[in-house]
Amino acid sequence: MQEFSILAPDDWHLHFRDGDMLNETVPATARCFKRAIVMPNLAPPIVNTKMALAYKARILAATPAEHDFSPLMTLYLTDNTSSEDIIEASKAGIVAAKLYPAGATTNSDAAVSSLENLYPVLQTMSEVKMRLLVHGEVTDSHVDIFDREKVFIDQKLSIITERFKDLKVVFEHITTADAAQFVLDSSENVAATITPQHLLLNRNDLLVGGIRPHNFCLPVLKRNTHQEALRQAVASGSNKFFLGTDSAPHEKQQKESACGCAGCYSAWSAIELYAQIFDELNELDKLEGFASHYGPDFYGLPRNKEHITLERHEWQVPSECTLKNGESIVPFYAGSTLNWRLKIPQ
Ligand code: DOR
Ligand code: ZN
């Protein structure tokens with residue numbers, strides 16, 4: 001097969017950042033995705049409807065006129081989030097709220113410290129049908145970083161899904177066989193996103209032969225058996241797993257540092273990376289469900305109507321992209337050769 005078309009995809013989890021960075025990140029995503037779930041972990045975080053709508057306007061202002069792209073906004077849950085905040089957000093079209101355990105990742109210091117305090121908010125979310133998005137890691141210092149997702153399932157997520165059976169929950173960027181199995185064993189109200197890096201890489205790609213800061217993200221890459229379980233999950237064609245890149249840019253000097261930031265900036269090659277993965281799995285016909293059907297179905301939104309075409313064509317991911325302020329970002333998979341390319345309509 002030299003080319004194929006699929007219904008236009010959406011990205012159900014990414015980070016656009018703010019300010020000048022939007023002129024880089026929004027066009028990169030809008031080139032192939034029609035919608036994206038925009039993470040609220042700015043500094044300060046997006047904690048209410050007013051902030052979310054203002055952020056949405058800034059994203060739309062950075063969207064090139066030739067692209068028909070809709071950002072889907074989210075709220076950042078804190079210890080101070082109220083049921084009224086949720087009701088107001090839902091009325092304003094905000095589709096989801098994000099649970100970061102405090103201290104879990106970039107700009108998560110304001111996040112929820114006690115799950116129990118959040119129960120009234122989760123009850124309201126369930127009633128107004130707002131999705132709960134979870135960063136599934138505990139942050140207790142005594143828990144090994146490689147075990148944090150599994151412990152989160154056992155200590156937190158299983159309690160949320162048991163207690164709030166009608167709440168639709170997306171377990172974001174899953175990284176372990178345990179997470180994939182948890183999702184499969186849960187009701188139809190529980191689904192997961194999977195990133196390109198967790199399908200393509202394992203922790204050897206982070207640590208063998210020297211530290212590779214551009215492969216560092218959170219939750220951190222796990223051992224190869226977990227990578228294999230995630231690949232099997234997408235290859236199964238289950239509608240519980242869908243596309244969410246977690247594209248998360250940091251300036252080059254913030255990644256290549258003594259204390260490097262977590263995040264892979266994959267927007268420039270996102271759909272091509274997923275095509276490569278499904279091709280390697282010999283399951284290219286399952287890409288469309290993963291990229292374009294199961295996400296909108298889970299969110300209760302219409303599927304896109306347009307199509308995109310991918311053509312078999314070798315190209316190299318650029319080694320850097322330069323921002324207007326002169327800073328550079330190293331894209332995920334920089335310098336690697338990919339076999340599929342988005343065909344731009346003539
Ligand atoms: O690697 C990550 N980067 N994981 C996250 O959860 C957050 C993200 C970011 O915002 O940089
Ligand atoms: Zn993320």
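Small disclaimer: the values here were computed from a predicted structure and weren't measured. In listed order, ligands and their atoms are each counted from 1. In what follows, every heavy atom counts, from backbone to side chain, and hydrogens, waters and symmetry copies are set aside.
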Does Arg148 pair with Asp140 as a salt bridge, N-O distance under 4.0 Å?
no
Is the side chain of Gln276 donor-acceptor paired with the backbone N or O of Asn339 at a distance under 3.5 Å, no angle test?
yes
Among Tyr274, Phe241, Phe242, whose ring pair (Phe, Tyr, Trp, His ring centres under 6.0 Å) with Phe290 holds?
Tyr274
Not counting sequence neighbours, list each pair that qualifies as a ring-ring contact (aromatic ring centres under 6.0 Å, His included) and has a residue in residues 101-120.
Tyr119-Phe164
Would you say that Phe332 contacts His214 through its side chain, given a criterion of any heavy-atom pair below 4.5 Å between the two side chains?
no
Can you give the angle Asp246 OD1 - the Zn ion (ligand 2) - His15 NE2, rounded to 10°?
90°
Taking any residue with a non-hydrogen atom under 4.0 angstrom from an atom of ligand 1, which ones do you get?
His15, Arg17, Asn41, Thr105, Thr106, His135, His173, Cys217, Leu218, Asp246, Ala248, His250, Ala262, Gly263
Just checking: His13, one of its N/O/S atoms, less than 2.8 Å away from the Zn ion (ligand 2), yes or no?
yes
Assign the ring pair Phe4 / Trp340 to parallel, tilted or perpendicular, where the plane angle (0 to 90°) is split at 30° and 60°.
perpendicular
Within-4.5 Å side-chain heavy-atom neighbours: Asn202 and Leu221
no
